[in-house]
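Throughout, residue positions are numbered sequentially from 1 according to the sequence presented. This is a predicted model, so every value here is computed, not measured.
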Amino acid sequence: MTSTQVLTMIALLLGGLTFFLYGMSTMSSGLEQMAGGKLERTMRKVGANDLSGFLWGAGITIAVQSSSALTVMLVGMVNSGIMDFADTFGMIMGSHVGTTLTAWILTLSGISGENFALTLLKPATFAPLLAFIGIAMRMFSKQERKRNFGLIFIGFAILMSGMTMMSSAVSEQKDNLRVLLTAFQSPALALLASTLFTGIIQSSAATVAIVQALAVTGMVNYQTAIPLILGANIGTCMTALLSCIGTNKEAKRVVAMHIFTNAIGGVVCMLLMYPAMAIFPHLLSRQIGIIGVAMVHSLFNILNTIAFMPLKRPLFSLCRKTVRGDDKITHTVFLDERLMNNPTLAISECHRLTVEMAEYSRDAMLQAIQMVGHYDENLHKKIADIETLTDKYEDKLGTYLVQLSHNRLSDADSHSVGRLLHSIGDFERMGDHALNIAEVAQEISEKSIIFSENAQAELDTIAAAVNEIIGMTVQSFVDNDSDLAGHVEPLEQIIDKLKDELKARHIARLQAGDCTVQIGFVFSDLLTNYERISDHCSNVAVYTMQLNSAKLDAHKYLNKIRSEENKSFMADYEQYDAKYTV
């Protein structure tokens, strides 16, 4: 083999590998965006059951086309305290089986025949057609779902082109490569080389694709192919190993489990292979085809899963002994940057934490209103702690969401990020106003302030309206209920009206000498906080109502729904006006 031939072959192999990896990444991106956050959110629920965890793990791996991507996702979720280490077992085993789909897809490149149906199934025929259709969908379609389909088609076409390029590279140097492959007659050496190569490129699918490309030439036998496939399964653990740097003990154990299941299974298969070579020499020396490579890859992962199912408790014990320590995950506002690799999951986790923040703000507000006239020092301290916590939520979520917004997001994900960024500021301000009301309650208690009967009745009326608007706002946000959010704005208008009317009555009492200036300041502070709380509720509700809108525009949207022509708004307004009259 001349130096020119070597250089040409290496260039074609690297080019084909580059196309293959980029195509797989592009296809994964489209599949992931279509899947949305529903699959990932379900992971928390199904993890406790091994069978359901296995099915979901296989399904998500098929969706994102990478077992390593799922493992990194699980590392982030365990590190964040979303999932328990033990609940990831079924999903990890499912990911091992799910990743074998790529090898079966690549078997299409081995189809031969000249009839019309077989010609259509050949990558050389359908890959360019898919690329053209994909580009057309991306350029001319405005629907996000069709654009994602286009991305999948483009990625698949690039992937198959990369596979074809690698097959051509090895086919042209068939005779020369035969000499190189004799070095892999030692199964142990083939296993080591495949493990190192996969660890470098961080894709078992790409390594298996290269083995399939070699199999097309008819130069590879089972004795060589099996160690190369087993090494691909072990080497793919490198991505997960790198992802666990800086994580807690539980997250590191997820990676340990991923490595042990692949490594132990691979070593056991290798130990069985040596006696098999002595007993069935002719069987293992047979040439392996492209379908045979896919079959070996699938059989190993399926049998490995079956073998480990009854051994999961000893496996957990091994992981805990390997990664020693017992991290207690306490409640904290924590978002793992590893989740950013999957924007839909990251947004889902941000929404979960924002829901927590909203519920804390609501509870603090209701408790603060309850303290007016019934001051409790312990409750005041609790509200102050919640206010500090909501500040922390806003800081962590805001920073994380801004970083996330710099990623390539779908229109739906970008919309969700914008809504969350707007909402966390309003929930944080609600916590501030809750603390303000608690401090007013403390002043009322320390100065023994007593409101007149009329003033107290007026405060009770507006406080009841604020209680209702807070409850509706948070519930609509938690449930993404745009219909319930639609009832918030009419009540906010009533609270604004009440504030103006109660201030006018207060001034009248001052002028009549029925109220003191000191009591007036406290009365006015309460009204101001109540009214501003309702403003923040209005903001949150408006963004919830715009869940299906293309663009967030609170001012324009509010003007639209406040119109007197809006019968639903006017009906709610009149109902609340009658309910909260003074």
Side-chain angles (χ1 to χ4, degrees), residues 18 21-41 43 60-61 63-80 82 134 137-139 141-152 154-155 158-159 202-203 239-240 242-247 251 333-355 357 393-425 480 543 546-547 549-552:
T18 302
L21 292 173
Y22 180 73
M24 189 163 64
S25 174
T26 303
M27 186 170 68
S28 300
S29 178
L31 286 163
E32 185 181 315
Q33 289 177 28
M34 283 188 65
K38 293 181 181 178
L39 290 177
E40 294 85 352
R41 287 195 292 270
M43 288 165 65
I60 295 173
T61 302
V64 300
Q65 286 290 290
S66 172
S67 61
S68 296
L70 176 64
T71 306
V72 171
M73 192 189 304
L74 292 172
V75 168
M77 293 178 76
V78 171
N79 194 46
S80 299
I82 305 169
M137 294 174 78
R138 294 289 292 177
M139 289 179 65
S141 178
K142 294 183 179 180
Q143 294 183 17
E144 190 69 22
R145 185 175 180 82
K146 289 183 179 179
R147 289 173 59 81
N148 288 333
F149 262 121
L151 196 62
I152 294 168
I154 293 169
I158 296 172
L159 181 149
Q202 296 188 29
S203 173
T239 307
L242 293 173
S243 77
C244 76
I245 297 172
T247 61
V333 185
F334 180 73
L335 284 157
D336 198 308
E337 290 189 4
R338 293 163 187 81
L339 300 182
M340 286 194 184
N341 294 325
N342 187 322
T344 51
L345 175 60
I347 292 169
S348 175
E349 180 58 8
C350 287
H351 183 268
R352 184 185 72 82
L353 287 175
T354 307
V355 165
M357 180 186 186
Y393 269 104
E394 185 193 30
D395 179 45
K396 298 290 185 181
L397 281 164
T399 303
Y400 193 87
L401 286 165
V402 169
Q403 289 178 339
L404 187 60
S405 66
H406 294 155
N407 291 3
R408 187 177 62 183
L409 302 177
S410 66
D411 291 343
D413 285 344
S414 181
H415 186 82
S416 296
V417 168
R419 179 199 172 205
L420 290 174
L421 278 170
H422 283 296
S423 299
I424 58 174
N480 289 325
Y543 295 125
Q546 295 182 85
L547 281 172
S549 300
K551 184 179 180 181
L552 293 172

Practice item. Starting at CG of N407, measure out to CG of D413 and round the result to the nearest 0.5 Å. Key: 10.0 Å
Check your understanding: Which heavy-atom pair separates P343 from L409 by the least distance, and what is that distance?
Key -> CB-CD2, 3.5 Å
Check your understanding: Measuring from T18:OG1 to I158:CD1, what's the distance to the nearest 0.5 Å?
Key -> 12.0 Å
**Study point:** Gap between atom CZ of R419 and atom CD1 of I347 - 0.5 Å precision
**Key:** 11.5 Å
Practice item. Identify the heavy atoms of G425 and E394 that sit nearest to each other, and give their distance. Key: CA-OE2, 3.6 Å
Check your understanding: Where do M137 and R147 come nearest, in terms of heavy atoms and distance?
Key -> O-CG, 3.9 Å
Review point. If you round to the nearest 0.5 Å, how far is CE of M357 from CG of L353?
Key: 10.5 Å
Exercise for review: Taking S405 for its side chain and V402 for its backbone only, find out whether a donor-acceptor pair lies under 3.5 Å.
Suggested key: yes
Practice item. Enter the distance from L404:CG to L420:CG here, rounded to the nearest 0.5 Å. Key: 9.5 Å
